[in-house]
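What follows is a set of notes on a single structure, which appears directly below.
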Amino acid sequence: MGLGWRRPAAELHYFLLSGAQPMRLSQMVGQRLKDAPRDAQTASHIFLIRGGYCRPVSTGIYSLLPLGKRITAKIERIIREEMDRVDGQEVLMPVVLPQELWDESGRSHTVGQELLRFKDRNGKAMLLGMTHEEAVVHLTRTEVTSYKQLPCMLYQLQTKYRDEARPRAGLIRVREFTMKDAYSFHATQDCLERYYQRVHEAYERIFSRVGLTQCVSIQSDTGMMGGKVSHEFMAVAECGEDTIYISPDGRYKANKEIATSGLAFTKDAPLPLEEVATPGKTSIEEVAAFLGVAPEHTGKAVFFVDAAGKLIFACIRGDFEVNETKLRNLLKTKELKYANDEQIRAVGVEPGYASVLAVDEKKCRIVLDRSFAESSNLIVGANKPDAHLKNFNYGRDFTGGEVADIGTVRAGDPCPVTGQPLQMLRGIEVGNIFQLGTTYTTSMGCNFLDQNGKSQVMIMGCYGIGIGRTMASVMEQRHDQYGPIWPMSIAPYQVHLVALNFNQPEVKEAAEKLYADLQAAGIEVLFDDRGEKAGFAFADADLIGVPLRLIVAPKSLALGKIEFKRRDGGRNSELLDQAGVVAQMRELVIAELQVPAP
RNA sequence: CGGGGCGUAGCGCAGUUGGUAGCGCGUCUGCUUUGGGAGCAGAAGGUCGCGGGUUCAAAUCCCGCCGCCCCGACCA
């Protein structure tokens with residue numbers, strides 16, 4: 001195609017992608033679109049499609065176009081560097097795995113429909129890997145057999161498939177995606193914990209280097225695994241699926257599933273229990289309004305059915321919501337559904353007017369949130385239609401059930417550590433790290449011989465990062481109304497060269513020369529050689545989001561100048577001397593890559 | 001899995017009472033333009049999501065299915 005590629009300057013070779021040619025926009029595959037598909041709603045989804053970064057193939061399944069591939073390649077490169085810095089060794093494990101491997105770990109039975117299973121031509125049960133603990137243990141248990149080989153860490157960048165119930169928001173939640181997954185093996189728990197900390201620091205460097213402006217690590221729900229430590233790295237973004245709470249000084253960070261508040265509840269002197277008529281008032285809002293009190297003076301009853309079909313009677317103060325994850329963890333049940341009226345009546349409770357007083361505890365399990373048990377004189381159901389009880393006091397009127405923290409924290413509730421009001425944010429989970437322990441190494445027999453020649457079970461950690469999701473998250477955090485504003489570290493190109501009035505010989509000549517000189521200086525340059533009108537060219541440049549932009553045009557050229565504009569600088573631009581442009585671009589690129597000049 | 005919405009050209013959309021499909025953007029050709037998504041002239045591009053039914057006639061009415069999006073549930 002006669003792209004005029006030249007060998008980059010040796011000292012900058014490090015920063016270039018292998019085989020990364022410069023590109024003429026007239027030849028680049030991937031149209032920019034004026035309108036986004038109607039279903040694209042979040043910023044990253046809109047710009048990923050409009051900018052020609054990727055295209056949908058099926059629900060939650062995308063092809064990456066050259067622009068998107070260049071960005072993910074740079075993210076992957078940064079990840080490789082940081083994984084190598086913590087002594088990781090890159091491997092590649094298969095996407096298609098035999099089910100028998102997952103039978104060994106037991107996960108073929110415990111994982112639900114998210115795991116895509118199929119049979120090969122011989123009828124052998126196969127599956128698509130959604131994570132690779134089994135595969136990596138399969139490798140390690142034969143390759144690593146001595147304490148002398150420990151600790152070790154293997155990582156890969158590989159396609160994962162999860163048959164997600166509901167993909168959404170472009171690349172943020174998909175079914176097929178590239179993940180960096182890493183697995184470490186240790187002889188001792190202490191070694192795992194020290195290594196875990198190193199990976200935590202590597203992750204902080206990764207997310208900083210790829211240009212996330214706000215990324216926090218929070219301790220996360222360890223679910224029924226119990227006792228294991230894990231952290232989620234959350235990119236703060238409005239469209240995030242997870243809710244996180246942070247104290248103003250950052251000392252406390254937790255996600256909705258495990259967050260607690262430092263709320264103190266006060267006990268007033270108990271008043272006599274009294275029945276009041278509340279005809280037709282079944283919800284907290286109705287009852288509170290009807291009786292002229294605030295919701296915090298009421299008690300709410302919420303009914304669930306657990307996996308075994310047992311009814312759960314949850315009590316919480318009227319102004320709080322039950323946190324289903326906390327309740328599920330407390331009950332050690334996998335599944336929790338809202339109960340229907342029939343199921344509620346079956347234990348002798350009147351829906352809408354429920355009271356713990358008349359319940360047979362043998363038929364259902366009663367859990368009381370602290371907000372309910374530690375408040376006084378609450379309005380609760382009278383367990384008969386059209387009536388409530390005033391001045392209910394736990395401890396006096398009822399003593400059964402179990403008291404626990406099953407409430408959802410609200411924005412502004414006091415931090416349990418600092419007492420300051422908690423800030424509530426939305427986040428995208430871009431990575432997680434997990435002290436797995438011996439779950440897989442025990443079940444799959446991954447052992448080593450220690451100094452005494454005794455067989456021991458290896459202790460394991462695992463560490464994931466979603467690549468496409470990271471790209472989308474950076475886009476969520478760094479964009480304006482026109483498109484993304486890429487940081488130099490992952491920008492698809494470093495300089496966007498626009499030629500206006502490209503049909504004029506002097507423009508063409510100057511632009512072609514500048515294009516060649518930028519390449520020769522080792523700079524990744526995207527050359528808009530289409531000769532489109534300025535507005536058209538600029539709108540495309542904004543969608544591509546390259547940090548540095550040079551414009552060759554007749555007016556400035558007549559003065560011996562090249563116009564220079566930053567993507568993050570609004571519409572401001574300055575004129576640079578033609579002679580010094582390449583050197584200046586080189587300096588800026590190097591400076592913004594945050595590495596010392598060679 | 002529950003609730004809601006949508007399937008007509010690459011993208012965004014219109015299509016009335018049933019009469020044999022159109023607009024804008026994009027694409028191609030020519031000319032004119034050239035600093036924030038230009039103008040004129042011409043052209044290409046459609047199993048109207050799929051299957052069945054009603055009818056002389058279906059994008060339009062009826063039945064079934066599929067796909068896609070949003071909210072919720074679920075999520076090693």
Side-chain angles (χ1 to χ4, degrees), chain A residues 29-42 45-46 49-50 52 55-61 102 105-115 127 129-135 160-170 173-175 179 181 183 220-225 228 230 232 239 241-242 257 304-305 307 324-325 328 334-338 340 429 432 434 436 439-440 460 462-464 466 481-483 498-504 507 528 530-543 549 551-557 563 565 570-573 575:
Chain A
V29 176
Q31 284 289 326
R32 266 80 47 215
L33 305 174
K34 200 164 180 176
D35 301 302
R38 181 188 27 190
D39 46 40
Q41 308 212 328
T42 64
H45 192 183
I46 291 169
I49 301 300
R50 282 195 56 204
R55 293 289 179 245
V57 176
S58 179
T59 301
I61 298 178
W102 283 51
S105 71
R107 281 210 293 187
S108 55
H109 307 295
T110 56
V111 177
Q113 289 186 301
E114 228 179 277
L115 180 62
L127 51 86
M130 47 192 279
T131 174
H132 280 78
E133 281 78 10
E134 286 82 359
K160 298 281 183 281
Y161 186 87
R162 298 178 187 185
D163 219 27
E164 289 284 352
R166 191 158 94 74
R168 57 178 292 271
R173 188 166 205 83
V174 289
R175 294 198 298 193
M179 184 182 194
D181 48 324
Y183 308 89
S220 52
D221 174 33
T222 51
M224 296 201 297
M225 308 288 288
K228 309 284 195 333
S230 76
E232 292 171 345
C239 68
E241 299 179 282
D242 299 290
E257 279 67 43
F304 299 91
V305 177
E324 287 185 46
T325 306
R328 199 161 44 235
K334 182 89 179 155
E335 192 182 297
L336 215 52
K337 284 182 178 164
Y338 283 106
N340 59 35
E429 185 185 345
N432 60 20
F434 208 105
L436 269 184
T439 309
Y440 296 91
M460 202 174 158
C462 71
Y463 319 92
Q481 61 177 304
Y482 304 109
V498 181
L500 299 178
N501 303 81
F502 192 56
N503 53 357
Q504 294 185 19
V507 171
D528 186 349
R530 300 170 303 171
E532 291 288 353
K533 294 194 49 130
F536 194 91
F538 295 161
D540 272 356
D542 288 344
L543 275 172
R549 188 183 307 173
I551 302 148
V552 182
K555 268 187 257 173
S556 47
L557 207 53
E563 188 175 340
K565 177 148 55 174
R571 298 208 166 160
N572 303 322
S573 68
L575 294 177

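Within every chain, numbering begins at 1; the chains are lettered A, B, ... in the order of the sequence lines, protein sequences first and strands thereafter. This is a predicted model, so every value here is computed, not measured.
- Contact annotation: the side chain of A/E133 never approaches that of A/S105 to less than 4.5 Å [non-hydrogen atoms, C-beta and beyond].
- Contact of A/N501 with B/G35 (side chain to base): no donor-acceptor pair of N or O atoms is detected under 3.5 Å.
- The distance between atom CZ of A/R530 and atom P of B/G26, rounded to the nearest whole Å, is 12 Å.
- Annotation: the span from A/K533 atom NZ to A/N501 atom CG amounts to 10.0 Å, rounded to 0.5 Å.
- Consecutive pairing runs in RNA chain B reach the stem threshold at B:1-7 with B:66-72, B:10-13 with B:22-25, B:27-32 with B:38-43, B:49-53 with B:61-65, where a stem means at least three Watson-Crick or G-U wobble pairs with distances under 3.5 Å.
- For A/R50 against B/G37, a side-chain-to-base donor-acceptor contact under 3.5 Å is present.
- Checked by distance alone, A/K34 brings no side-chain donor or acceptor within 3.5 Å of a matching partner on the base of B/G36.
- For the side-chain contact (heavy atoms from CB on, under 4.5 Å) with A/Y161, the lone residue among A/L127, A/I61, A/V174 that qualifies is A/I61.
- Atom CD in A/E232 sits 10.0 Å away from atom CZ in A/F434 (nearest 0.5 Å).
- For the pair A/M130 and A/R175, nearest-nucleotide mapping onto RNA chain B gives the more 5' position to A/R175.
- Rounding to whole angstrom units, CD1 of residue A/I551 and C1' of B/G36 are separated by 10 Å.
- When atom types are taken as modelled, the side chain of A/R162 and the backbone of A/M130 share a donor-acceptor pair closer than 3.5 angstrom.
- Side-chain nitrogen and oxygen atoms of A/R168 include none within less than 4.0 Å of the OP1 or OP2 phosphate oxygen of B/C69.
- Within the nucleic acid shown, A/A169 comes within 4.0 Å of sugar-phosphate atoms alone, with no base atom in reach, counting heavy atoms only.
- Classification of A/D542 and A/R571 as a salt-bridged pair fails, no side-chain N sitting under 4.0 Å from a carboxylate O.
- The nearest whole Å value for the distance from the CG atom in A/N503 to the P atom in B/U34 is 10 Å.
- Using atom P as the reference point in both B/C56 and B/G4, the two lie 37 Å apart (nearest Å).
- Distance check on atom C1': B/C48 versus B/A59 gives 5 Å, rounded to whole Å.
- Among the atoms of the strands shown, none is found under 4.0 Å from any heavy atom of A/K160.
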Nucleotides 40-50 of chain B: which of its N/O atoms have a protein N/O under 3.5 Å away?
none

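- Distance A/D242 CG to B/G72 C1': 15 Å, rounded to the nearest Å.
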**Asked** Between A/E563 and A/S556, is a side-chain hydrogen bond (donor to acceptor under 3.5 Å, both in side chains) present by the stated rule, with each step listed?
**Response** CA-CA 7 Å; A/E563 188 175 340; A/S556 47; 5.0 Å; no
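- The distance from atom CZ of A/R32 to atom C1' of B/C11 is 14 Å, rounded to the nearest whole Å.
- Taking atom C1' in both B/A9 and B/G5, the straight-line distance is 23 Å, to the nearest Å.
- Residues A/L115 and A/R107 form no side-chain contact, since every pair of their non-hydrogen atoms from C-beta on lies 4.5 Å or further apart.
- At the phosphate of B/G67, neither OP1 nor OP2 sits under 4.0 Å from any side-chain N or O atom of A/T59.
- One P atom belongs to B/C63, the other to B/G72, and the distance between them is 31 Å to the nearest Å.
- The distance between atom CZ of A/F538 and atom P of B/G37, rounded to the nearest whole Å, is 11 Å.
- Remark: the separation of the C1' atoms in B/G24 and B/U8 is 15 Å, to the nearest Å.
- Using atom P as the reference point in both B/U60 and B/G15, the two lie 15 Å apart (nearest Å).
- Of all heavy-atom pairs spanning A/W102 and A/T131, the tightest one is CZ2-O, 3.6 Å.
- To the nearest whole angstrom, the two P atoms, one in B/A14 and one in B/G49, are 14 Å apart.
- Judged by atom type and distance alone, A/E563 reaches the base of B/G35 through a side-chain donor-acceptor pair under 3.5 Å.
- Contact check for A/L500 versus A/V507: no side-chain heavy atoms found under the 4.5 Å cut-off.
- Look at the P atom in both B/U34 and B/A38: the space between them is 13 Å, to the nearest Å.
- When rounded to the nearest whole Å, the span between CZ of A/F536 and C1' of B/U33 equals 15 Å.
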